[in-house]
Amino acid sequence: MDSQTRFTPGHRKAEEMCGYSRDELIGEYATLILPEEEIPLMADALKKVLKGETDTYETKIINKNGELIPVEVTPSPIEIDGEIIGTMGIARDISERKKAEEELRDSEERFRSVVEYSHEGIFIVDGAYRFTYVNDELCRISGYPREEIIGRDFQKFLDADSRQLVADRYARRQRGEKIPPRYEFNIVRKNGEKRRVEISSTVIKDLAGKVTTVFQLLDITERKKAEEALQEAKTRFEDLFESANELIITTDAEGWVLRLNKEVERISGYSKKELI
């Protein structure tokens with residue numbers, strides 16, 4: 001462009017990008033291919049060019065068909081005998097890059113929604129066991145706010161019995177050994193309460209080869225209590241069943257003996273093996 005921002009002869013690719021022929025462009029002001037809202041951005045860029053500064057920026061152009069094309073522009077001054085007489089701009093079509101960035105943002109948003117609303121505590125630790133990310137459920141399970149977790153050593157949240165177990169499994173997983181994907185241990189909440197949790201993890205590497213681990217943690221304290229209570233109830237039932245003074249027999253619908261207690265053996269003279 002000349003000093004009045006009118007187009008002078010340019011590269012063939014610029015004609016293709018804009019959709020105008022060379023004859024249609026030469027002599028026209030740059031505003032021909034700029035949406036109105038992008039004009040102030042160009043004006044600021046030109047002010048810098050007049051000061052001899054070069055600064056790459058992103059904007060949009062509108063081609064002859066009315067389509068908006070995102071571009072990255074690097075303007076530079078054209079000087080003759082120390083006087084700036086115009087501007088040369090290199091514009092790169094970044095449509096594919098912007099599309100990829102948008103798809104990545106959408107993907108990240110979907111991932112964030114799934115993670116944040118998960119019923120499992122999800123967190124990421126680096127190679128030194130330090131938390132680099134935690135979701136809301138992990139904060140709820142641990143009783144700590146996010147700002148009191150990030151950067152801290154994961155092992156500090158475990159009871160003494162669980163630290164060695166977790167450290168051993170973590171080291172084996174980092175070495176690529178095959179170990180059970182899920183296991184249990186205890187964490188200590190901020191209020192000192194112990195909770196039983198079940199955890200699974202995945203080791204990932206970034207492009208630089210740096211290793212991090214993504215964990216999924218489920219609070220199973222109430223489930224374990226229910227399982228223990230059920231086992232205790234079964235044990236009590238067995239004790240009552242075997243020690244009862246009455247004869248107790250269970251059968252199927254056709255009368256075949258399925259189970260009996262010791263009193264049946266004593267009275268009948270038959271063993272369990274003979275009767276069942």
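This chain uses plain numbering: 1 for the first residue, then up along the sequence.
- Judged by distance alone, the side chain of Arg195 and the main-chain N or O of Val188 form no donor-acceptor pair under 3.5 Å.
- The six-membered or imidazole ring of Phe123 lies away from that of Tyr133, with a centre-to-centre distance of 6.0 Å or more.
- Looking only at side-chain heavy atoms (C-beta outward), Leu25 and Leu32 come within less than 4.5 Å of each other.
- Without hydrogens or angle criteria, Thr132 side chain to Ile124 main chain gives a donor-acceptor distance under 3.5 Å.
- Listed for the Asp161 side chain is no donor-acceptor partner under 3.5 Å among the backbone atoms of Asn186.
- Within the cation-pi definition used here (under 6.0 Å to the ring centroid, within 45° of the axis), Arg169 qualifies as a partner of Tyr183.
- Cation-pi check for Arg152 over Tyr129 is not met; the charged atom does not lie both under 6.0 angstrom from the ring centroid and within 45 degrees of its normal.
- Residue Glu36 qualifies as open at atom CD: its count of foreign heavy atoms under 6.0 Å is 12 or below.
- By the 4.0 Å N-to-carboxylate-O rule, Glu265 lies too far from Lys262 to be salt-bridged with it.
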Asp23/Ser21 under side chain to side chain donor-acceptor pair (under 3.5 Å): CA gap, chis, key distance, verdict: CA-CA 5 Å; Asp23 291 339; Ser21 67; 5.2 Å; no
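- Within 6.0 Å of the NZ atom in Lys156, the count of heavy atoms belonging to other residues, nucleotides or ligands does not exceed 12.
- For the pair Asn135 (side chain) and His119 (backbone), a donor-acceptor distance under 3.5 Å is absent.
- In this structure, Glu58 and Lys98 have side chains that are in contact, with non-hydrogen atoms separated by less than 4.5 Å.
- Salt-bridge check for Arg146 with Asp136: passed, with a basic side-chain N closer than 4.0 Å to an acidic carboxylate O.
- For the pair Glu148 (side chain) and Pro145 (backbone), a donor-acceptor distance under 3.5 Å is absent.
- Residues Phe157 and Tyr144 place their aromatic rings such that the two centres sit under 6.0 Å apart.
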In a table with atom names and distances, give each donor-acceptor pair under 3.5 Å that connects a side chain of residues 70-81 to protein atoms at least two apart or in another chain.
{"from": "Glu72", "atom 1": "OE2", "to": "Arg97", "atom 2": "NH1", "distance (Å)": "3.4"}
{"from": "Thr74", "atom 1": "OG1", "to": "Thr56", "atom 2": "OG1", "distance (Å)": "2.8"}
{"from": "Ser76", "atom 1": "OG", "to": "Met88", "atom 2": "O", "distance (Å)": "3.4"}

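- Within 6.0 Å of CZ on Arg182 lie more than 12 heavy atoms contributed by other residues, nucleotides or ligands.
- Two residues are said to be in side-chain contact when any heavy atoms from C-beta on lie closer than 4.5 Å; Ile122 and Phe215 fail this criterion.
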For residues 223-236, which side-chain donor-acceptor pairs fall under 3.5 Å, sequence neighbours excluded?
{"from": "Lys224", "atom 1": "NZ", "to": "Glu184", "atom 2": "OE1", "distance (Å)": "3.3"}
{"from": "Thr235", "atom 1": "OG1", "to": "Gln231", "atom 2": "O", "distance (Å)": "2.9"}

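- Ionic pairing of Arg130 and Asp153 is not present here: no N-O contact between side-chain nitrogen and carboxylate oxygen is shorter than 4.0 angstrom.
- Salt-bridge annotation for Arg172 and Asp168: present, with a side-chain N of the basic residue lying under 4.0 Å from a carboxylate O of the acidic one.
- By the 6.0 Å and 45° rule, Arg259 stacks over the aromatic ring of Phe241.
- The environment of Glu238 atom CD is dense: over 12 non-hydrogen atoms of other residues, nucleotides or ligands sit within 6.0 angstrom.
- A donor-acceptor contact closer than 3.5 angstrom links the side chains of Thr221 and Asp219.
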